[in-house]
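Scope of the values below: all heavy atoms of this structure, side chains included, with no hydrogens, waters or symmetry mates. Every chain is numbered from 1 and lettered A, B, ... according to where its sequence line falls, protein lines coming before strand lines.
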Protein chains: 2
Amino acid sequence: MPRSVSRTPAITDVAKLAGVSVPTVSRVLTGSVPVSTERRERVLRAIQELGYRPNGAARALIKGHQSVIAVLAGATTRYGYALTIQGIEEAARLAGYIVMITVIEADDPDTVTKTIDLALANPVAGVIVLKFDPAGIAAVRAMPPGVPVVAVAGSRGSGVPHVVLDDTTAAMTATDYLLQLGHRTVHHIAVPLAGRRSGRSAGWRKALERASAEIPQLMEAGWDPHQAYEIGLTLAERDDVTAVLCGNDELAIGLLRALHEKGRRVPEEISVVGFDGHPLGALWSPALTTVRQDFVDVGRRAFREVVAMIGKEQPPQNSSGTPQLVIRESSGPPPETRRR
Amino acid sequence: MPRSVSRTPAITDVAKLAGVSVPTVSRVLTGSVPVSTERRERVLRAIQELGYRPNGAARALIKGHQSVIAVLAGATTRYGYALTIQGIEEAARLAGYIVMITVIEADDPDTVTKTIDLALANPVAGVIVLKFDPAGIAAVRAMPPGVPVVAVAGSRGSGVPHVVLDDTTAAMTATDYLLQLGHRTVHHIAVPLAGRRSGRSAGWRKALERASAEIPQLMEAGWDPHQAYEIGLTLAERDDVTAVLCGNDELAIGLLRALHEKGRRVPEEISVVGFDGHPLGALWSPALTTVRQDFVDVGRRAFREVVAMIGKEQPPQNSSGTPQLVIRESSGPPPETRRR
DNA sequence: CACACGGATGATAACGTTTTCATGCGATGC
DNA sequence: GCATCGCATGAAAACGTTATCATCCGTGTG
């Protein structure tokens with residue numbers, strides 16, 4: 001009979017029931033040192049009987065080394081975010097780590113610090129910050145020193161190690177593609193943070209500059225595709241717009257809807273290119289041309305990097321994933337070219 | 001100068017530097033007992049200087065009460081899954097808890113048990129299982145006794161407390177709606193697990209039975225919208241199909257694409273209704289009629305339930321969220337009615 | 001036969017924090 | 001003016017586990 005009904009069994013209870021010492025039970029559990037078959041079986045039987053389960057806190061305390069990776073993100077449900085987290089989780093699980101998710105909702109320093117403190121109140125081995133938005137930037141800035149931290153971002157940054165998903169190159173590829181089709185210039189509906197430092201907007205601008213094309217006013221949308229829809233309604237009235245690069249596929253789909261409602265034909269009159277490779281983009285009519293980004297892979301790389309930091313090892317060579325232009329139905333030559 | 005560069009500072013280091021006892025530092029940290037202003041300031045200064053950060057494992061060990069909630073899920077990126085996790089995370093963070101995510105990849109007992117053991121090797125207060133698929137069912141089954149666990153599912157189940165998202169009612173609502181429009185019957189493309197116990201398929205069947213309508217063969221698709229697309233290609237050839245209820249919005253969009261390619265008009269010839277309320281569904285052409293489910297709310301409810309279990313409190317009254325039929329462009333009366 | 005050796009085992013220390021208990025001290029009540 | 005009380009503080013115990021060290025026993029070697 002267990003000594004106390006209310007208390008969860010501890011290793012001492014197991015040892016007592018099995019008639020062995022506490023360290024022997026521990027040895028059976030960890031398998032670090034051989035234990036005679038007879039005792040091992042007695043111990044296992046006692047564990048079974050008591051429903052014993054080692055206390056993780058005590059384990060973590062003595063081992064000093066933690067096996068939890070904290071992920072800080074401004075959101076979890078957006079396509080790129082969710083996929084990156086998936087990559088982190090998968091790599092972590094395979095390596096025997098567990099991931100903790102904490103959403104950074106605001107970007108004012110106080111709230112961010114409070115949220116980070118909550119996350120870091122638990123024993124974490126390292127931190128991965130999804131630096132895709134202002135909240136992510138604030139999180140990186142608010143990280144206390146001494147904690148291994150890696151940022152995942154669309155472009156390289158300073159302060160902490162960055163694992164990048166080369167957004168700049170990706171946006172240049174997409175913009176170049178549209179220019180080569182004959183478009184005079186390419187308009188751009190950007191996701192937040194697009195202002196100055198977003199890799200996507202930077203790549204778009206750089207490609208236009210290199211081609212000496214006119215650089216139109218950047219249109220900033222939020223994350224909500226409806227905002228791109230609203231922008232699209234006004235864009236549909238303009239006949240100087242023949243190609244639009246969107247900051248992500250959701251925005252592109254919002255834009256497509258607006259153009260459709262206004263009777264503008266895609267790609268005959270206007271070409272639309274999205275960003276990310278959202279699976280639903282392929283099922284639109286017209287199917288969305290996009291730049292596929294390997295978010296899962298960047299998540300895996302971030303995990304490897306943070307583990308290397310923990311172990312003070314040399315980080316693995318940080319190949320940034322190659323973006324892939326996926327040409328589908330929503331892009332083509334501009335109307336002028338067609339008329340020729 | 002800190003004593004050792006390599007070691008992270010502990011509470012003893014703070015106490016030494018501040019010239020107070022260890023418990024006093026602890027009292028400053030927890031605020032449980034008043035400390036004289038002078039000492040409090042010395043302690044805070046020492047903490048600042050050392051960059052001290054309390055060890056969560058030691059805290060968890062002594063307090064006995066953990067503040068980590070483990071979430072077990074078959075996937076994280078699918079719309080409903082991601083939103084449920086979002087709801088859990090939000091509620092948890094506000095209550096001072098942190099969530100750990102672990103994906104259950106396979107559904108064979110061995111792998112599942114191993115994954116759960118990995119998750120439970122950490123100090124967790126309770127577990128929430130997303131029982132939306134076979135992996136989730138396997139996880140619930142493999143949970144060791146003694147751990148507070150709540151399942152989130154589309155229909156009520158046994159064994160552990162369930163927080164439900166009344167899929168059955170939702171599917172009945174959608175099916176009734178289509179029948180009332182005049183459709184002779186409603187076809188159904190189901191998500192996995194649809195076999196016998198899925199609430200969605202059950203509701204669809206029940207509504208047809210109640211209306212004494214013919215019950216067509218259920219078509220089972222995976223989670224990939226392309227499978228619904230494939231099914232749609234064959235469905236487009238049949239003229240006995242006038243209404244299709246899909247197991248989720250992604251499948252519905254795959255179906256819409258197939259019908260569009262085959263030149264079948266929606267909703268004039270065929271009505272399509274999705275499930276979940278995916279934001280992109282509203283931007284399709286035609287905009288997708290769907291049954292919106294409040295996943296975020298079910299996540300919140302699951303969290304409250306598991307916290308109640310931990311504290312042995314009476315669980316909050318478990319109102320199952322009311323599904324909401326969102327009628328958009330993809331559904332309408334059947335062709336016969338229109339001809340009249 | 002004495003001795004070293006190796007393998008299994010138990011006693012004890014250690015991890016870093018909070019809680020409990022005891023102490024000293026100034027203020028208060030009779 | 002003495003006993004009592006409350007308050008801030010420090011010493012020590014406690015949480016549950018693993019690591020370290022010593023011990024014991026059996027075996028092989030000289």
Consider the side chain of [X], meaning its heavy atoms from C-beta on, and name the nucleotide among [options] that approaches it most closely.
X	options	answer
A:R27	D:dA11, C:dG10, C:dA8	C:dG10
B:P23	D:dG10, C:dT17, D:dT17	D:dG10
B:L61	D:dG16, D:dA8, C:dT17	D:dG16
B:K63	C:dA14, C:dT19, C:dT9	C:dT19

Does the side chain of [X] get closer than 4.0 angstrom to OP1 or OP2 of [N] through an N or O atom?
X	N	result
B:R39	D:dG10	yes
A:T24	C:dA8	no
A:S21	C:dA11	no
A:S32	D:dT18	no

Let me know the distance between [atom1] of [X] and [atom2] of [N], rounded to the nearest Å.
X	N	atom1	atom2	value
B:N55	C:dC15	CG	C1'	8 Å
B:Y52	C:dG16	OH	P	10 Å
B:R59	D:dT17	CZ	C1'	20 Å
A:R42	C:dA8	CZ	P	16 Å
A:E38	C:dA8	CD	P	14 Å
A:I62	C:dT12	CD1	P	17 Å
B:L29	C:dT18	CG	P	6 Å
B:R53	C:dC15	CZ	P	21 Å

| message | Can a donor-acceptor pair be found, under 3.5 Å and without considering hydrogens, that links the side chain of B:E89 to the backbone of A:V103? | response |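 It does hold such a pair.
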| task | Determine yes or no for a side-chain-to-main-chain donor-acceptor pair under 3.5 angstrom, with A:R300 supplying the side chain and A:A91 the backbone. | result |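 A pair under 3.5 Å: no.
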| message | Is any side-chain heavy atom of A:L17 closer than 4.5 Å to one of A:E49? | response |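 SC-SC contact between A:E49 and A:L17 confirmed.
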| said: Counting the atoms with a prime plus P, OP1 and OP2 as sugar-phosphate, which does A:S26 contact under 4.0 Å by heavy atoms, base, sugar-phosphate, or nothing? | reply: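 Here A:S26 touches the bases of the nucleic acid.
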| message | Using a 4.0 Å heavy-atom cut-off, does A:V35 contact any base of the nucleic acid, only the sugar-phosphate backbone, or nothing at all? | response |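 Contact class for A:V35: sugar-phosphate only.
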| task | Report the residues that fulfil side chain to side chain contact (heavy atoms under 4.5 Å, CB included) with B:T115, sequence neighbours left out, ordered by chain and then residue number. | result |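 Here the qualifying residues are A:R93, B:T102, B:I104, B:T111.
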| message | Do A:R78 and A:Y81 form a cation-pi contact, if we require the NZ or CZ to be under 6.0 Å from the six-membered ring centre and within 45 degrees of the ring's axis? | response |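 That pair qualifies as a cation-pi contact.
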